[in-house]
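These notes are about the structure you will find just below.
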Amino acid sequence: MENIVERFLGGDRRALARVISRIENETPEGREYLREIYPRSGRAHTVGITGSAGAGKSTLTGALAAELRRREKTVGIIGVDPSSPFTHGAILGDRIRMQDLALDPGVFVRSMAGRGALGGLAPAINDVVATVEAFGFDYVLVETVGAGQDEVEIAGTTMTTVLVNNPGTGDDIQAMKAGILEIADVLVVNKADHPGADTLVSQLQGLLNLSPKDMRRPAIVKTVSTRGEGMDELIDAVADHRNYLETEGLLEGHRAKNARHQVLSIARAILLQRIQASTPDEQLDELVRRVGQRELDPHSAAEELANIVSG
Amino acid sequence: MTAPARTKIRVLIAKPGLDGHDRGAKVVARALRDAGCEVIYTGIRQTPEMIAEAALQEDVDVVGLSILSGAHLELFPRVVEELKKRDVDDVLLFCGGIIPDDDTKQLEDLGFQAVFRPGTDTREIVQFVYDNARVS
Ligand SMILES: Nc1nc2c(ncn2[C@@H]2O[C@H](COP(=O)(O)OP(=O)(O)OP(=O)(O)O)[C@@H](O)[C@H]2O)c(=O)[nH]1
Ligand SMILES: [Mg+2]
């Protein structure tokens, strides 16, 4: 394989697919590729699509992408499904709902496993989003299953966050409990062909009325993704959010905030790795044993570990 | 202490053709997931073009085709051709389903390294994948 980055930059989709793998696997080559292509990222409108399992996120992502294609926009899609915490394997099935886009040269769909110890978001998600962006798509849609924390995390990865709800599931109450509503830039009531859609819309409006006055009020959009209904309104709402960030001069701040979060969490991982690499297993076992026996408190033990690299 | 290896075997399980029974394909997908693979499952009624395009975009190491309709000698060569067209020439190919013994040779010549028939122990399929996948 000759220079893969050159092929990537020349628009070769196989090169894109291979570069994603290297970056996802966190190989040294992957790091090198990311360094070369990173300056080209940051130009797409990145949209996170999150919500509970089975809410219709993939169907909605497919329908949204189809409407964007009608408007002659190119679309990269990343579908994240959880890995099994036991076997670390995964079944990635988001493509099933995106068949209509399968052969469209303006669309690229990549499935990604969570690979996180807690079944959360893939550690390399930011890098993969940047890679797909750098390839030159107008939009990058990122589907993730929300389990509270992941929804908040995806909001730190993308420019606009769409939270998908369903009528009659009590999702709204859950959302309020978890404080998830705050991260939503657009609220979707999907499966609006089911009973209770209007009730859910007014419940969501009620909840939004309780939010602080200075917070931007997210749009609420009703959709029937299986029939492509509501996609025009959804695209408008997503575009409105970007316009809002731009006209209020918030885009830079939004990017800086995400970048800070990313840099700090990578630094944290590097430090942890260094600590683990420079601590013999016996030493760690001994420390942990002492904490277990209540001879030492966990904070002092952790400090002792940290001092090994910084001291 | 070393960092855990992040690389995973990525497998595409696809059903070409018109038959709508994907129980077998799902059983294989789950067995591979339980063995630690990342399995992309695309559902029923896939055209050869769709299968090859999914293999490309997902950068899989392995493609497994499942078929019950009897159209394998018509469809599988087209899948192989579509993969070649896209330069996806380094994947491990296997297939399963209702496939007469007489057709094995022809499928092997096409590049399928194993043909599994109904009733195969999924452990055999998992073993085959782990023994032969070229993880890129
Ligand atoms: N009636 C109705 N069904 C829908 C709608 N949108 C999606 N569905 C159905 O809901 C089911 C789940 O859809 P998916 O798109 O796979 O949902 P998902 O949120 O991506 O699911 P996971 O990725 O597994 O969490 C499928 O059977 C869809 O056909 C809708 O607007 N109306
Ligand atoms: Mg999905």
Side-chain angles (χ1 to χ4, degrees), chain A residues 1 7 12-27 30 76-77 79 81 83-84 86-105 107-115 117 122-124 269 272-281 284, chain B residues 1-16 22 25-61 82-91 126 129-130 134-136:
Chain A
M1 205 174 277
R7 284 173 44 211
D12 179 340
R13 292 155 67 88
R14 184 148 160 72
L16 167 60
R18 189 51 60 88
V19 166
I20 293 174
S21 300
R22 295 285 187 265
I23 287 176
E24 184 183 14
N25 290 334
E26 302 183 39
T27 64
I77 298 174
D81 278 323
S83 296
S84 153
F86 305 109
T87 67
H88 305 290
I91 291 184
L92 312 173
D94 293 330
R95 287 188 90 91
I96 298 175
R97 312 278 173 214
M98 304 178 190
Q99 300 293 354
D100 297 347
L101 308 165
L103 295 176
D104 185 333
V107 176
F108 187 96
V109 182
R110 181 64 175 235
S111 312
M112 208 175 157
R115 295 193 186 180
L272 185 61
Q273 226 166 37
R274 286 200 189 142
I275 289 172
Q276 288 181 326
S278 52
T279 312
D281 283 347
L284 183 58
Chain B
M1 265 193 213
T2 48
R6 290 223 175 267
T7 305
K8 289 261 158 204
I9 299 178
R10 285 172 68 85
V11 187
L12 174 68
I13 297 291
K15 272 199 67 67
D22 62 350
K26 281 180 173 162
V27 168
V28 172
R30 273 196 292 271
L32 289 167
R33 183 228 15 226
D34 292 343
C37 296
E38 291 178 355
V39 183
I40 292 101
Y41 184 66
T42 50
I44 56 175
R45 302 207 171 88
Q46 300 284 297
T47 65
E49 290 85 354
M50 288 161 90
I51 293 169
E53 194 56 37
L56 180 150
Q57 294 179 15
E58 301 289 356
D59 193 28
V60 291
D61 310 298
E82 290 297 330
L83 286 168
K84 284 215 179 86
K85 232 192 244 175
R86 290 167 176 79
D87 285 329
V88 182
D89 44 18
D90 53 358
V91 289
V126 167
V129 165
Y130 272 84
R134 287 152 294 200
V135 178
S136 49

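Within every chain, numbering begins at 1; the chains are lettered A, B, ... in the order of the sequence lines, protein sequences first and strands thereafter.
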Between V107(A) and chain B, which part of the residue has a heavy atom less than 4.5 Å away: side chain, backbone, both or neither?
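Just the backbone, heavy atoms under 4.5 Å.
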Distance only, no hydrogens: is a donor on one side chain within 3.5 Å (strictly under) of an acceptor on the other, for Q57(B) and R95(A)?
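Their side chains do contain a donor-acceptor pair, which is all the 3.5 Å distance test asks for.
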Contact origin within V11(B) toward chain A - heavy atom pairs under 4.5 Å
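Contact with chain A is absent: no heavy atom of V11(B) under 4.5 Å.
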Segment of R10(B) engaging chain A (4.5 angstrom heavy-atom cut-off)
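Answer is side chain: those atoms of R10(B) sit under 4.5 Å from chain A.
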Would you confirm whether [X], through its side chain, and [Y], through its main-chain N or O, come within 3.5 Å as a donor-acceptor pair?
X      : Y       : answer
S84(A) : D34(B)  : no
E53(B) : D104(A) : no
E38(B) : L92(A)  : no

Student check: side-chain heavy atoms of R14(A) and R86(B) closer than 4.5 Å:
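No, side chains not in contact.
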Could you report the tightest heavy-atom contact between [X] and [Y], atom names first, then the distance?
X       : Y      : value
R110(A) : D59(B) : NH1-CB, 3.6 Å
I96(A)  : T42(B) : CG1-C, 3.7 Å
Y41(B)  : I91(A) : CB-CG2, 4.3 Å

Can you tell me how far apart CG (L103(A)) and CD (E82(B)) are? Round to the nearest 0.5 Å.
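So the CG of L103(A) and the CD of E82(B) are separated by 8.5 Å.
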When rounded to the nearest 0.5 angstrom, what is the spacing between NZ in K8(B) and OG in S21(A)?
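Rounded to the nearest 0.5 Å, the NZ-OG separation comes to 14.5 Å.
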Strictly below 4.0 Å, N to O, side chains only: are R18(A) and D90(B) in salt-bridge contact?
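Judged by the 4.0 Å cut-off on N to carboxylate O distance, R18(A) and D90(B) do form a salt bridge.
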Name the one of V60(B), I40(B), L12(B) that satisfies side-chain contact (heavy atoms from CB on, under 4.5 Å) with S111(A)?
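Per the side-chain contact (heavy atoms from CB on, under 4.5 Å) rule, the option paired with S111(A) is I40(B), out of V60(B), I40(B), L12(B).
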